[in-house]
Undergrad: 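Quick one: the structure is below, and I'll ask about it shortly.
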Number of protein chains: 2
Amino acid sequence: MNTSAPQPTRSTALNRSSLSQQAVEELRRRIAGNDLAPGQRLDEAALAGDLGISRTPLREALKVLSAEGLVEIRPRRGCYVAEIVPADLEEIFPIMALLEGEVAREAALRVSAADLKRLDQLHASLERHAADGDVDRYYEVNYVFHDALQGIAGNRWLQHVIGDLRKLLKLSRHRSLRLEGRLEESLGEHRALMQALHQRDGDGAERIMKGHLLAQLAALQRLMRGLSA
Amino acid sequence: MNTSAPQPTRSTALNRSSLSQQAVEELRRRIAGNDLAPGQRLDEAALAGDLGISRTPLREALKVLSAEGLVEIRPRRGCYVAEIVPADLEEIFPIMALLEGEVAREAALRVSAADLKRLDQLHASLERHAADGDVDRYYEVNYVFHDALQGIAGNRWLQHVIGDLRKLLKLSRHRSLRLEGRLEESLGEHRALMQALHQRDGDGAERIMKGHLLAQLAALQRLMRGLSA
DNA sequence: ATACGGTATTTTGTATACAAGCTAGCCACA
DNA sequence: TGTGGCTAGCTTGTATACAAAATACCGTAT
């Protein structure tokens with residue numbers, strides 16, 4: 001899949017997967033990166049041309065993205081990038097709180113010494129990026145941390161469901177951590193979580209993680225109120 | 001989409017949706033009905049011929065089903081009906097317990113008098129089918145009941161996530177209610193739930209619903225142990 | 001007899017051609 | 001001048017043709 005001229009021999013590095021699969025990944029990137037804005041209509045011919053593929057694999061990719069909720073296919077009308085409105089966030093975050101809370105509980109009960117060491121390292125990295133005010137890296141490491149926790153919890157379907165919802169949340173490009181004081185709050189919640197994990201306190205870890213997610217929602221709501229005011 | 005001869009004019013009643021959409025629905029039916037057995041390989045050309053459509057819309061349908069987890073597409077190797085093993089059930093049911101528990105909690109807090117009337121009717125229907133030993137209709141009404149509760153709870157994304165997981169559970173053609181005494185147990189749990197709903201007891205409804213789902217899992221496990229022994 | 005390799009066939013993945021529906025713009029008429 | 005319907009084009013949905021990879025089959029050699 002080229003992003004410039006029509007490919008002469010399709011030589012791009014490693015062509016391991018199918019074009020439709022590559023299209024899914026590229027479109028996910030473009031949607032997450034806001035190159036394709038929420039609500040925007042996707043013209044199949046134009047997009048296929050842009051990706052350097054034909055409409056057939058592109059349409060298969062759009063079906064997948066539609067199933068993920070990233071685009072909405074209106075039959076005979078076209079395909080549109082999904083929009084996540086505040087009302088959606090208010091519904092999704094409580095679900096995430098439940099699910100991630102369960103992850104935290106299970107992780108606290110199953111965590112090994114080696115796991116704790118790795119989590120401590122990630123947490124230290126979070127502290128460092130926070131101190132530097134490097135919000136982007138904080139987000140990155142934060143993601144890795146939550147992912148690691150899911151791995152420890154060990155429920156693959158739970159991981160799957162959380163992953164689906166997280167993809168959706170990426171649609172709303174809100175960076176609540178840029179809110180005054182939220183970064184410190186978040187860090188504090190992470191510290192408390194680490195403590196609960198060290199103590200293998202399942203109830204505590206669940207409670208803290210739920211609170212962490214709901215605090216994120218509250219911060220987002222403050223942010224959105226601020227923008228609309 | 002015909003299931004017999006090649007269609008002459010494609011005149012079947014109302015052809016509102018696209019062939020790929022119809023194929024999704026038909027394949028879902030066939031998978032749920034075990035016409036397509038778990039693990040079975042799906043030959044695109046043969047299946048397309050059987051559905052009376054070409055491979056293009058069929059492949060789009062398979063992409064959708066793959067995203068739902070009903071089939072697994074192995075690149076360049078073919079498409080297979082997904083298999084749900086006991087280990088999967090042990091992961092999925094606890095998630096369902098969480099989610100449906102939340103539904104029960106929210107529903108208990110928001111339920112209106114009219115809602116309660118309708119739920120009472122559904123519950124009465126459950127009691128009747130149980131008394132008749134009509135397990136199939138019990139399952140049907142039970143589904144409608146849970147669906148109604150989700151409507152009352154009002155979280156559309158929660159509904160969506162639960163729906164996704166339920167589709168998966170259909171893959172394992174579990175009929176735990178056929179287990180000795182499980183039908184009566186289930187009925188008892190439903191009675192307790194109705195009481196909690198009438199009392200608008202969110203905590204109680206959540207606890208009962210969680211227990212209901214986990215009891216289903218336990219029954220399934222007894223059933224599976226029985227089969228393998 | 002068995003294992004390895006090469007060829008033929010089958011099957012997936014992609015492109016293109018074709019059909020049908022939707023949109024928009026224009027003209028006629030009130 | 002505004003409204004209604006018709007036509008032209010543009011876009012989606014489907015079928016088919018083609019390319020490439022995987023599988024199966026067969027023959028040969030050890």
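Just so we're clear, the structure is a prediction, and the values are computed from it rather than from any experiment. Below, chain A is the first sequence line, B the second, and so on; all start at residue 1.
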Undergrad: Taking atom NZ of B/K170 as the centre, report whether more than 12 heavy atoms of other residues, nucleotides or ligands fall under 6.0 Å from it.
TA: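 Open.
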Undergrad: Measure CG/B/L19 against P/C/dA20 and give the value in whole Å, please.
TA: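 Taking CG of B/L19 and P of C/dA20, I get 12 Å after rounding.
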Undergrad: Please determine whether any donor N or O and acceptor N or O are separated by less than 3.5 Å between the side chain of A/R55 and the base of D/dG13.
TA: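 For A/R55, whose side chain was compared with the base of D/dG13, there is a donor-acceptor pair (under 3.5 Å).
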Undergrad: Could you tell me whether the phosphate oxygens of C/dT12, OP1 or OP2, come under 4.0 Å of any side-chain nitrogen or oxygen in B/R41?
TA: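 Checking B/R41 against C/dT12: at least one side-chain N or O falls below 4.0 Å of OP1 or OP2.
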Undergrad: Separation of A/E44 atom CD from C/dA15 atom P, in whole Å?
TA: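 Distance, rounded to whole Å: 14 Å.
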Undergrad: Would you mind reading off the distance between A/E60 atom CD and C/dG13 atom P, rounded to a whole angstrom?
TA: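 Going from CD in A/E60 over to P in C/dG13 covers 8 Å.
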Undergrad: Is the A/F145 ring parallel, tilted or perpendicular to the A/H190 ring (thresholds 30°, 60°)?
TA: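 Perpendicular: the ring planes of A/F145 and A/H190 meet at over 60°.
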Undergrad: Could you tell me whether B/D43 and B/R55 make a salt bridge, using a distance below 4.0 angstrom between a side-chain N and a carboxylate O?
TA: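 Result for this pair is no, no salt bridge flagged.
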Undergrad: Report which part of the nucleic acid A/R77 touches: base, sugar-phosphate, or nothing (heavy-atom distance under 4.0 Å, all strands).
TA: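 It contacts sugar-phosphate atoms only.
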Undergrad: Check every atom of C/dT14, C/dT11, C/dA15 against the side chain of B/D43 and return the nucleotide holding the closest atom.
TA: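 Output: C/dT11.
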Undergrad: Regarding B/L42, tell me which of base, sugar-phosphate or nothing describes its non-hydrogen contacts under 4.0 Å with the strands shown.
TA: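 It contacts sugar-phosphate atoms only.
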Undergrad: Between A/I73 (CD1) and D/dT11 (P), how many Å, whole number?
TA: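 It is 17 Å, rounded to the nearest whole Å.
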Undergrad: Check if the side chain of B/S18 and the base of D/dT12 share a donor-acceptor pair of N or O atoms closer than 3.5 Å.
TA: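 Such a pair does not exist between side chain and base.
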Undergrad: Let me know the distance between OH of B/Y80 and P of D/dA22, rounded to the nearest Å.
TA: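 Atom-to-atom, B/Y80 to D/dA22, this comes out as 13 Å.
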Undergrad: Expressed as a whole number of angstroms, how long is the span from B/L47:CG to C/dT12:P?
TA: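 For the pair B/L47 CG and C/dT12 P, the rounded distance is 10 Å.
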Undergrad: Taking atom P of D/dG13 as reference, at what distance in whole Å does atom CG of A/L58 sit?
TA: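 Rounded to the whole Å, the gap is 12 Å.
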Undergrad: Give the rounded distance in Å between these two atoms: CZ of B/R59 and C1' of C/dT12.
TA: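 So the CZ-C1' distance, B/R59 to C/dT12, works out to 6 Å.
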Undergrad: Between B/R29 and B/E26, is there a salt bridge with N-O shorter than 4.0 Å?
TA: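 Yes, B/E26 and B/R29 are salt-bridged.
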Undergrad: DNA chain C: A/S54 or A/R76, which has the more 5' nearest nucleotide?
TA: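 That would be A/S54.
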Undergrad: Ignoring hydrogens and geometry beyond distance, is the side chain of B/S20 in donor-acceptor contact with the base of D/dT14 at under 3.5 Å?
TA: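 It does not, because no donor-acceptor pair links the side chain of B/S20 to the base of D/dT14 below 3.5 Å.
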Undergrad: Regarding A/D115 and A/R118, does a basic nitrogen lie under 4.0 Å from an acidic carboxylate oxygen?
TA: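 Not counted as a salt bridge, because no side-chain N and carboxylate O are separated by less than 4.0 Å.
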Undergrad: Here's a test of your reading of the structure: between A/C79 and A/T56, which maps to the more 5' nucleotide of DNA chain D?
TA: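 Counting from the 5' end, the first nearest nucleotide belongs to A/C79.
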